[in-house]
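As structure tokens, the structure follows; a few thoughts come after it.
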Amino acid sequence: VRDANTNNAEQVVSLLKSTTLLDRMVELHDLKIYFKSELNKQARDNLSRRTKIKVENDGLITLKYTGPDPLFAAEIANSYVSQLKILTSEFAFSEAQRRRKFLELKYEETKIEVSNALAKLKNSGLDIELFRVYPELAMGSIANLREKIAEKEIEIKSSETYLAANSIGMKTSRSELVALKQQLRLLLNSEKSDRANKDDYSNLYRDYKAQEELLKFYFKEFERARI
């Protein structure tokens, strides 16, 4: 198997070592009988001990099964690959379902946020004509950061299907999400300080447009996920 992407290679290795795949191998090849094991775990452990998986520098993943029968060893190695393809397909479907559910939830949550922001805007007494005075506020740094955070949350939620919580890929993604949220907090705190807690028209409008842009983003991603 070849995959130059480090995170993808890690995902492939994780699947090859997963209990799900190993249990399928045990059942497919009657390994409990072959290894004289009473339990699936014992057969899995025997299979794992005889299987060596390595990721080369160029992204090539090599798998070698060692056993007394060369023909059976080749059959096991080939079976790993075929079962990996099946499992990858199943996980891709499961990941798509999780992604759609997550996006639907975030879309509904953001709809409420948009409604709340609009209510505050209307209650402020702001003339609707003033909306046209501040068009640049909708594309500010805060809206962009929130969209990046949303994208990273979607990526993490999707990765939970096949990446362990302590994997390098998951740790990297979570660290990036923390950094983005910290950057957003710093920006929000800075703006609060600058306006000395004044809830003025421009800030109310900016908050409303930021939520509106986020709603558009979630709607677009949700529609893409449904295809």
Inset, instruction - For the residue pair Met170 and Ser167, establish whether any side-chain heavy-atom pair is separated by less than 4.5 Å. - result: yes
Inset, instruction - Check the pair Arg24 / Glu90 against salt bridge (charged side-chain N to carboxylate O under 4.0 Å, His left out), numbers first and verdict last. - result: CA-CA 14 Å; Arg24 292 182 183 184; Glu90 292 174 355; 2.7 Å; yes
Legend entry - Check: Leu15 and Thr88 side chains under 4.5 Å, non-hydrogen atoms: yes
Inset, instruction - Taking salt bridge (charged side-chain N to carboxylate O under 4.0 Å, His left out) as the test, write out the residues that go with Glu221, two or more places apart. - result: Arg99, Arg224
Inset, instruction - Please report the closest heavy-atom contact between Asn46 and Ser37, naming both atoms and the distance. - result: ND2-OG, 3.5 Å
Legend entry - Note, Ser18 side chain near Leu87 side chain (heavy atom, < 4.5 Å): yes
Legend entry - Test side-chain contact (heavy atoms from CB on, under 4.5 Å) applied to Asp30 and Phe35, step by step: CA-CA 9 Å; Asp30 292 324; Phe35 291 127; over 6 Å; no
Inset, instruction - Flag the pair Asp45 and Arg49 as a salt bridge only when some basic side-chain nitrogen lies within less than 4.0 angstrom of an acidic carboxylate oxygen. - result: no
Legend entry - Salt bridge flag under 4.0 Å for residues Glu213 and Lys216: yes
Legend entry - Nearest-0.5 Å distance, CZ of residue Phe217 to NZ of residue Lys148: 12.0 Å
Legend entry - OH on Tyr80 to OG1 on Thr51, rounded to 0.5 Å: 3.0 Å
Inset, instruction - Tell me yes or no: between the side chains of Arg44 and Asn40, is some donor less than 3.5 Å from an acceptor? - result: no
Pairs of donor and acceptor atoms involving the side chains of residues 102-115, under 3.5 Å and at least two apart or interchain, shall be tabulated with distances.
unit_1: Thr110; atom_1: OG1; unit_2: Lys106; atom_2: O; d: 2.7

Inset, instruction - Taking the side chain as every heavy atom from C-beta outward, state whether Lys32 and Glu38 have any pair of such atoms under 4.5 Å apart. - result: no
Inset, instruction - Apply side-chain contact (heavy atoms from CB on, under 4.5 Å) to Leu28 and Gln83, showing your working. - result: CA-CA 10 Å; Leu28 183 64; Gln83 290 302 313; 3.7 Å; yes
Inset, instruction - Drop me the distance from Phe222's CZ to Arg100's CZ, to the nearest 0.5 angstrom. - result: 8.5 Å
Inset, instruction - Give the cluster check for Leu180 versus Val178: same hydrophobic cluster or not, with ILVMFWY residues linked at side-chain heavy-atom distances below 4.5 Å. - result: no
Inset, instruction - Look at Glu155 together with Lys152 and state whether they make a salt bridge at an N to O cut-off of under 4.0 Å. - result: yes
Inset, instruction - Say whether Val81 and Ile86 are linked into one hydrophobic cluster, either directly or through other cluster members, by side-chain heavy-atom distances under 4.5 angstrom. - result: no
Inset, instruction - Look at the rings of Tyr65 and Phe72 and say which category their plane angle falls in: under 30° parallel, 30 to 60° tilted, over 60° perpendicular. - result: perpendicular
Inset, instruction - With side-chain contact (heavy atoms from CB on, under 4.5 Å) as the test, would you mind laying out the steps for Ser48 and Lys17 before giving the verdict? - result: CA-CA 8 Å; Ser48 296; Lys17 294 182 177 181; over 6 Å; no
Legend entry - Evaluation steps, side-chain contact (heavy atoms from CB on, under 4.5 Å), between Gln211 and Arg146: CA-CA 9 Å; Gln211 290 295 337; Arg146 282 176 173 162; 3.7 Å; yes
Legend entry - Student check: side-chain heavy atoms of Ile76 and Leu47 closer than 4.5 Å: yes
Inset, instruction - Report the distance from atom CD1 of Ile154 to atom CD1 of Ile149, rounding to the nearest 0.5 Å. - result: 12.0 Å
Inset, instruction - Kindly indicate whether the side chain of Glu153, heavy atoms from C-beta on, has any atom under 4.5 Å from the side chain of Ile156. - result: no
Inset, instruction - Step through the shown structure and confirm whether more than 12 heavy atoms of other residues, nucleotides or ligands are within 6.0 Å of CD on Glu56. - result: yes
Legend entry - Within-4.5 Å side-chain heavy-atom neighbours: Thr62 and Ile53: no
Legend entry - Any His29 side-chain heavy atom under 4.5 Å of Tyr34 side chain: no
Legend entry - Heavy-atom donor-acceptor pair, Glu10 side chain to Gly169 backbone, under 3.5 Å: yes
Legend entry - Nearest-0.5 Å distance that lies between atom OG1 in Thr172 and atom CG in Leu177: 12.5 Å
Inset, instruction - Could you pull out all residues at least two apart from Lys220 that satisfy salt bridge (charged side-chain N to carboxylate O under 4.0 Å, His left out)? - result: none
